[in-house]
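Here is the structure we will look at, set down as structure tokens.
Because the structure is predicted, anything quoted here is derived from the model rather than measured. As a basis for the values below, the full set of heavy atoms in this structure was taken, side chains included, without hydrogen atoms, waters or symmetry mates. Below, read A as the first sequence line, B as the second, and so on, with proteins coming before strands; counting in each chain starts at 1.
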There are 2 protein chains.
Amino acid sequence: MPLDSEQIEKQILRFQDELFDRGLRLTKQREQVFRIVLGAEGHLSAEDLHRQVREQNRSIGFATVYRTLRVLVDCGLIEVRQFGDGVQRYESAAGDHHDHMICVACGEVFEFEDDEIERLQIKAAESRGFEIVSHRLDIYIRRCDSPKCGPLSKRRLNHR
Amino acid sequence: MPLDSEQIEKQILRFQDELFDRGLRLTKQREQVFRIVLGAEGHLSAEDLHRQVREQNRSIGFATVYRTLRVLVDCGLIEVRQFGDGVQRYESAAGDHHDHMICVACGEVFEFEDDEIERLQIKAAESRGFEIVSHRLDIYIRRCDSPKCGPLSKRRLNHR
DNA sequence: TTACATGCAAACTCTTTGCATATTA
DNA sequence: TAATATGCAAAGAGTTTGCATGTAA
């Protein structure tokens with residue numbers, strides 16, 4: 001779920017501030033990379049990012065994309081995900097927190113939110129005296145109803 | 001939490017069966033690798049595995065370790081984890097399911113179980129018509145009480 | 001004796017780094 | 001002009017693959 005344009009501008013300003021605090025600069029390339037992440041539907045790999053930024057900036061290199069992603073992670077503006085294919089994927093840290101359901105048949109990733117699960121996680125950590133920094137919940141599902149998987153059949157799934 | 005020796009032997013037999021079904025063989029190397037995983041306390045990388053197996057079998061190569069791990073994953077006997085450092089870690093799929101708390105300060109990994117969180121996950125997937133294959137819940141905590149981190153201070157943590 | 005398995009080294013993928021050049025405050 | 005950024009290519013990690021040799025049913 002991409003952010004609306006007002007939120008995007010707010011994020012860019014925030015990036016500029018965070019960079020300034022670190023003695024760094026908001027360059028054209030950094031802004032381009034961040035805007036793609038902010039506007040993206042899903043979870044982009046560095047390769048996805050590089051390809052998309054190159055549509056507006058032929059000469060940008062992989063190194064700049066990776067370096068920018070690292071700065072964005074350090075600033076807490078984006079988050080890294082790994083869904084098990086060995087590739088890091090990035091998404092905006094803005095917006096509501098959500099978890100992921102990944103279809104093992106077709107690779108489609110769905111976002112979902114569950115406040116009660118969130119609550120229980122905090123409780124589980126607190127009961128051990130720990131403070132949560134962040135968390136990741138990935139649920140792998142057998143198949144889904146995306147075009148790639150086709151509609152789920154009418155017969156009941158093998159629920160347990 | 002390593003398995004007891006009775007469970008370990010059961011797992012080895014299961015491996016043999018699964019291999020047989022696939023027209024493969026239980027070799028010395030495959031058994032050695034699997035036994036290390038079954039007996040291990042925590043979550044081992046391929047490098048950890050290779051180092052430990054080499055203590056009993058000087059000549060085993062990385063390729064054999066990786067190939068064995070792949071077969072074990074295919075057989076559903078072990079699971080792969082990625083805690084964000086770009087290294088795959090493996091653990092036995094036997095025993096109760098558990099989730100992980102990872103200390104961002106020192107890297108220590110704690111296992112925990114929470115039946116209610118499990119239940120809610122199943123509910124969340126079912127409500128969308130999906131069947132869960134597996135899931136991963138990793139909670140990142142600011143610091144812990146391991147020797148590397150030192151004891152948690154007495155002042156209240158910043159619980160929310 | 002035929003198919004599968006191993007060990008080695010080379011290849012491959014993703015990511016990071018070194019360095020000369022370019023850009024910004 | 002002094003510091004930060006960039007692009008390129010090379011290096012690095014972790015993992016996979018090709019191939020000749022070894023091993024097991």
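Within residues 51-64 of chain B, the residues having any heavy atom closer than 4.0 Å to DNA chain D are, in order of number, B/Ala63. Heavy-atom distances under 4.0 Å link DNA chain D to no residue of residues 9-20 of chain B.
With side-chain heavy atoms closer than 4.5 Å counting as contact, directly or through intermediates, the hydrophobic cluster containing A/Tyr140 also holds A/Phe83, A/Ile102, A/Val104, A/Val109, B/Val133.
Note on B/Arg67: a base of the nucleic acid sits closer than 4.0 angstrom, heavy atoms only.
Using a 4.0 Å cut-off, no side-chain N or O of B/Tyr66 falls inside it from OP1 or OP2 of D/dT16.
At least one side-chain heavy atom of B/Ile117 sits less than 4.5 Å from a side-chain heavy atom of B/Leu137. A heavy-atom distance below 4.5 Å is not found between the side chains of B/Phe15 and B/Glu31. B/Leu38 has its side chain out of reach of B/Leu77: every pair of non-hydrogen atoms, C-beta onward, lies at least 4.5 Å apart. At a threshold of 4.5 Å between non-hydrogen side-chain atoms, the residues B/Val37 and B/Leu49 count as touching. Residues A/Asp48 and A/Arg89 have side chains in contact (heavy-atom distance under 4.5 Å, counting atoms from C-beta outward).
Applying the salt bridge (Lys or Arg N to Asp or Glu O under 4.0 Å) test to every pair with at least one member in residues 56-75 of chain B, sequence neighbours left out, gives no pairs at all. Residues in residues 3-15 of chain A take part in these salt bridge (Lys or Arg N to Asp or Glu O under 4.0 Å) pairs, two or more places apart or across chains: A/Glu9-A/Arg35, A/Arg14-A/Glu18.
Under the side-chain contact (heavy atoms from CB on, under 4.5 Å) criterion, B/Glu108 pairs with B/Cys103, B/Cys106, B/Phe110, B/Cys144, B/Ser146, B/Lys148, not counting sequence neighbours. The ring-ring contact (aromatic ring centres under 6.0 Å, His included) check on B/Phe62 picks up B/His50, with sequence neighbours excluded. Considering only residues two or more places apart in sequence or on other chains, B/Arg81 meets the side chain to side chain donor-acceptor pair (under 3.5 Å) condition with B/Glu79, B/Glu91. A search for side chain to side chain donor-acceptor pair (under 3.5 Å) contacts involving A/Arg142 returns B/Glu131, not counting sequence neighbours.
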### Query
Could you run down nucleotides 20-25 of chain D 5' to 3' and tag each one B, S or - for protein heavy-atom contact under 4.0 Å?
----B-
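Protein chain A touches strand DNA chain C; the 5'-most and 3'-most nucleotides with an atom under 4.0 angstrom of its non-hydrogen atoms are C/dC14 to C/dT24.
No donor-acceptor pair closer than 3.5 Å links the side chain of A/Arg54 to the backbone N or O of A/Ile60.
Rounding to whole angstrom units, CD of residue A/Glu31 and P of D/dT6 are separated by 12 Å. Atom CZ in A/Arg70 sits about 14 Å away from atom C1' in D/dA5, given to the nearest Å. Atom CG in A/Leu69 sits about 12 Å away from atom P in D/dT6, given to the nearest Å.
Within the model, atoms CG of B/Leu72 and CZ of B/Arg30 stand 9.0 Å from one another, a figure rounded to the nearest 0.5 Å.
Direction change of the helix axis from one end of the helix from C/dT1-D/dA25 to C/dA25-D/dT1 to the other is 20°, with five pairs defining each end axis (rounded to 10°).
Checking B/His135, B/Glu111, B/Glu113 one by one against B/His97, the side chain to side chain donor-acceptor pair (under 3.5 Å) holds for a single residue, B/His135.
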